[in-house]
Amino acid sequence: MFLPQQDEWKLGTGVGNGTVISEFILSGFTELEQRLKLFFCMVLLLMYLTTVMGNAAIIFLVCVDNRLQTPMYYFIGNLAFLEIWFTSSTSTKLLVILSSGRRTISVGGCFAQSSFYFALGGAELALLVVMSFDRYIAICQPLRYAAIMKHRLCIQLVAAVWVMGFTFSIYRLVLLSKLTFCGSNKIQHFFCDSTPLFQLSCSDITLLWKIDSFFISFIVLSSLCLTVASYTHIFFCILQMPAASVRRKASATCSSHLTTLAIVYGSCIVLYAHSSGYISLETNSIVALLNTVLYPFLNPFIYSLRNKAVLLALKEVMARASAQFFP
């Protein structure tokens, strides 16, 4: 969490050429050739549709199948709902940029995108903490799991996650409303991230940038510490399990979870808990893709579609649908 040098960040209070900016230009991936843009667009579209349909399928199965009416799947269903909107907040505009070349976005649209992105991202990190706590209770204290993870507590935890996200969105809107833009309107990114917006501001953003950096770094690092603490306890509990088959099963589940957590937290630390002034546009955009595209794409497979209960529920739903439409 550092403040880049002033010559990189336009910290002066001048008003530039006096022009009031009404829209921004997203300049991410401008260096790609047309063929590469089309190929990238097709890959991104396939991943986006898979992400939306996979997460929507998980939400549907959790709602209709009684075997999935458990705290773990309740949290996974909420995570799937978050993932749909989180990846949509950036991927849809990127698809428009790559397919049509329309790179403009209004100031209000930019602020809304930034607010949704950080609100949903913050809520997702909080939900990952809740899910790691749920797994800790299930593996390390299985006899007390039903008594601790009651339905009322699950609802309260999820409600707290959504309240946090809503509060974060209000904070982002208030913060962005303090910025003034009167010079260049070219955002060096494919979406309205914090760093490029602060770079374009012609007002003194020193204090605002420090507050924003501290706030985002606190959310990322505190959620990371809580999640790591839960999985550390889980790891030691797995080592103490007497049956080797149980240890292998629990280890395989946790290792796949840790892979996705490494992607999301690694990208967040590089983007928001690190001196982004020393990261190139290309590196910043690629790392952001891991967070906004790859991680939501992997989640349905890691958390649900590898699970036997979910696969069984999916097969039964497909069998019923097939019997209804093709008797």
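Predicted, not measured: the structure shown is a model, and the values here were computed from it.
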Let me confirm one number: the [atom1]-[atom2] distance from [X] to [Y], rounded to the nearest 0.5 Å.
X: D134; Y: C154; atom1: CG; atom2: SG; result: 7.0 Å
X: L289; Y: S91; atom1: CG; atom2: OG; result: 8.0 Å
X: N299; Y: L82; atom1: CG; atom2: CG; result: 10.5 Å
X: K186; Y: Q199; atom1: NZ; atom2: CD; result: 13.5 Å

What is the ring orientation for [X] with [Y], classed by angle as parallel under 30°, tilted 30 to 60°, or perpendicular over 60°?
X: F111; Y: F24; value: tilted
X: F198; Y: W209; value: perpendicular
X: F191; Y: Y117; value: tilted
X: Y171; Y: F168; value: parallel

With heavy-atom distances below 4.5 Å as the criterion, would you say the side chains of [X] and [Y] are in contact?
X: M149; Y: M72; result: no
X: N78; Y: V161; result: no
X: L68; Y: Y74; result: no
X: L98; Y: L44; result: yes
X: F181; Y: L197; result: yes
X: L157; Y: F75; result: yes
X: Y73; Y: T70; result: yes
X: T87; Y: F297; result: no

Give me the atom names and distance for the closest heavy-atom approach of [X] to [Y].
X: L45; Y: L95; answer: N-CD2, 3.7 Å
X: I148; Y: Q141; answer: CD1-OE1, 4.2 Å
X: M131; Y: I76; answer: CE-CG1, 3.8 Å
X: A119; Y: S169; answer: CB-CB, 3.6 Å
X: Q188; Y: P196; answer: N-CB, 4.0 Å
X: S184; Y: I21; answer: O-CD1, 3.3 Å

Out of curiosity, does [Y] fall in the hydrophobic cluster containing [X] (side-chain heavy atoms, cut-off under 4.5 Å, transitive links)?
X: L127; Y: L153; result: yes
X: L32; Y: I25; result: no
X: M53; Y: F86; result: yes

Donor-acceptor pair, [X] side chain versus [Y] backbone, under 3.5 Å?
X: Q113; Y: S89; result: yes
X: S267; Y: V264; result: yes
X: R102; Y: I97; result: no
X: T292; Y: T90; result: no
X: D65; Y: R67; result: yes
X: S115; Y: A112; result: no
X: R144; Y: A138; result: no
X: N291; Y: V287; result: no
X: S27; Y: I187; result: yes

For this session: Could you please spell out the steps behind the side chain to side chain contact (heavy atoms under 4.5 Å, CB included) verdict for L271 and N284?
Result: CA-CA 7 Å; L271 292 173; N284 197 299; 3.4 Å; yes
With a sphere of 6.0 Å drawn around [atom1] of [X], does it hold more than 12 non-hydrogen atoms of other residues, nucleotides or ligands?
X: F40; atom1: CZ; result: yes
X: Y48; atom1: OH; result: yes
X: K37; atom1: NZ; result: yes
X: W162; atom1: CH2; result: yes

Exercise. Looking at T51, I59, I58, which one forms a side chain to side chain contact (heavy atoms under 4.5 Å, CB included) with I84?
Worked result: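 With I84 as partner, side chain to side chain contact (heavy atoms under 4.5 Å, CB included) holds for just one option, I59.
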Exercise. L125 and side chain to side chain contact (heavy atoms under 4.5 Å, CB included): which partner among L226, L120, I219?
Worked result: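 Only one of L226, L120, I219 forms a side chain to side chain contact (heavy atoms under 4.5 Å, CB included) with L125, namely I219.
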For this session: Could you give me the CA-CA distance, side-chain angles and deciding distance for M47 and L294, then say whether side chain to side chain contact (heavy atoms under 4.5 Å, CB included) is met?
Result: CA-CA 8 Å; M47 294 180 69; L294 181 61; 4.2 Å; yes
Exercise. Given the rule in the side chain to side chain contact (heavy atoms under 4.5 Å, CB included) test, do L26 and I105 qualify, once you have shown the distances and angles that lead to the verdict?
Worked result: CA-CA 7 Å; L26 300 171; I105 183 172; 4.1 Å; yes
For this session: List the steps, then state whether side-chain hydrogen bond (donor to acceptor under 3.5 Å, both in side chains) holds for S114 with R172.
Result: CA-CA 8 Å; S114 181; R172 292 298 301 178; 3.2 Å; yes
Problem set entry | Working for side chain to side chain contact (heavy atoms under 4.5 Å, CB included), residues E23 and V107 | CA-CA 5 Å; E23 63 181 20; V107 173; 5.6 Å; no
Can you confirm whether the side chains of [X] and [Y] place a donor and an acceptor under 3.5 Å from each other?
X: E83; Y: N55; value: no
X: Y265; Y: S223; value: yes
X: Y272; Y: D193; value: yes
X: S88; Y: T92; value: no

